Amino acid sequence: MKKLIEVKKIKAYYVLDIFGKQRTVRAVDGVDLDVLEGSVHGIAGESGCGKTTLLKVLFAAVEPPLRMVDGKVYYLNGAGAIDLYGIDESERKKLRWSFASYVPQGSMSVLNPVLKIKDTFRDFISSHLKGRSKIEAYEMAREHIRDLGLPLKILDAYPHQLSGGMRQRVTIALATVLKPKVIIADEPTTALDVVTQRGVIQLLKDIQLRQGSALVLVTHDMGVHANISDMLSVMYAGKIIEEGRTEDLFENPRHPYTQYLIKSLPRFGDRSKRESPPGSPPSLFNLPTGCAFHPRCPFKMIKCEKEEPVIFNVGESHKVACWLAEG
Ligand code: SF4
């Protein structure tokens, strides 16, 4: 499969001024990632592990206090590789929403409460496709909403007149109206009930299939990853600590943290207590030495406290950063 985004050793840190003292949060710290055409790439991990920051880097939405400290992000659009942070902001702006689009956690941050949905679509389309008349922009919105199987009457509604689930569907429709090559979704089902969550995830999957695009999906819900992700990257303390085909990770998770994430999933008919990782994630201000997971790891060795694990290849496309895989 063709690569659409290639991420090489990126480091993105928040540099904060706290009472006159500069503090650095290593939110993404040396991440490599390939996003492949026609695939769903899941990113899993607990809150505060750097998932959302990684998405901001992929979407070229790095703003102070977040800084790109090192590494490269390439968009591969068929005509070659575009070095996303080597071009100027006006060029990056053209790629946002047309090459890669972003579905945020909360729909209200994108939908203007005082505009009807159709006018939000019109403004969005006109600002990205110069020369479109108002009528053409409305028609494009209607066609897209119809294609997605959503009711056309939502175009005449204000955001507050729609349910949370429908607002999130509208946000997804807006993010995909320009037919981007990559859809980046950040916990798109937060605050929705289970049935609505399923519908929203299915809508994303349907669009990804129909448009032949890639979907990068951040969710802490391993059940969702099991259902729709083709590839899965597990993040911990700003790094990807295990990656591979989703079925391989579920069948043979090699990192103790991934094992806990999978064990914490409820299973049909199994009433035993689910196991979640002991303790809590470390502060990104002050990471443990060696393997960042060592204070929580039941298998830790002396080496783990001192040396950061390197990445081991443990199968086709399956990699893990854990000294247990050293063999
Ligand atoms: Fe546990 Fe050591 Fe592996 Fe880290 S490197 S996950 S501490 S066994």
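Remember, it's 1-based here, ligands and their atoms both numbered in the order they're listed. Just so we're clear, the structure is a prediction, and the values are computed from it rather than from any experiment. Numbers here simply count residues along the sequence, with the first being 1.
Using the six-membered ring where Trp is involved, Y236 and F293 have ring planes that are perpendicular, over 60° apart on the 30 and 60° scheme. The aromatic rings of F124 and H128 sit tilted, their planes meeting at an angle between 30° and 60°.
For ligand 1, the atoms closer than 4.0 angstrom to any heavy atom of F299 are 8 (S). Shown in contact with P256 at under 4.0 Å from a heavy atom are these atoms of ligand 1, numbered in order with element: 6 (S). Listed by number with element, the atoms of ligand 1 under 4.0 angstrom from any heavy atom of C322 are 3 (Fe), 5 (S), 6 (S), 8 (S). Atoms of ligand 1 found under 4.0 Å from any heavy atom of C297, numbered from 1 in the order shown, are 1 (Fe), 6 (S), 7 (S), 8 (S). Near L324, with a cut-off below 4.0 Å to any heavy atom, the atoms of ligand 1 are 8 (S). Of all atoms in ligand 1, numbered sequentially from 1 with element shown, those under 4.0 Å from a heavy atom of C291 are 4 (Fe), 5 (S), 6 (S), 7 (S). For ligand 1 and W323, the ligand atoms under 4.0 Å from any heavy atom of the residue are 3 (Fe), 5 (S).
Annotation for E326: atom CD counts as buried by contact number, over 12 foreign heavy atoms lying within 6.0 Å. The number of heavy atoms from other shown groups lying within 6.0 Å of NZ (K179) is above 12. Annotation: K181, atom NZ; neighbour count of heavy atoms from other residues, nucleotides and ligands within 6.0 Å does not exceed 12.
At a cut-off of 2.8 Å, C304 coordinates atom 2 (Fe) of ligand 1 through an N, O or S atom. Not one N/O/S atom of H294, from backbone or side chain, sits under 2.8 Å from atom 4 (Fe) of ligand 1.
Ion pair K153/D156 not flagged as a salt bridge, since none of the NZ, NE, NH1 or NH2 atoms sits closer than 4.0 Å to an Asp/Glu carboxylate oxygen.
Side-chain contact of T219 with H225: a donor-acceptor pair under 3.5 Å is absent, judged by distance alone.
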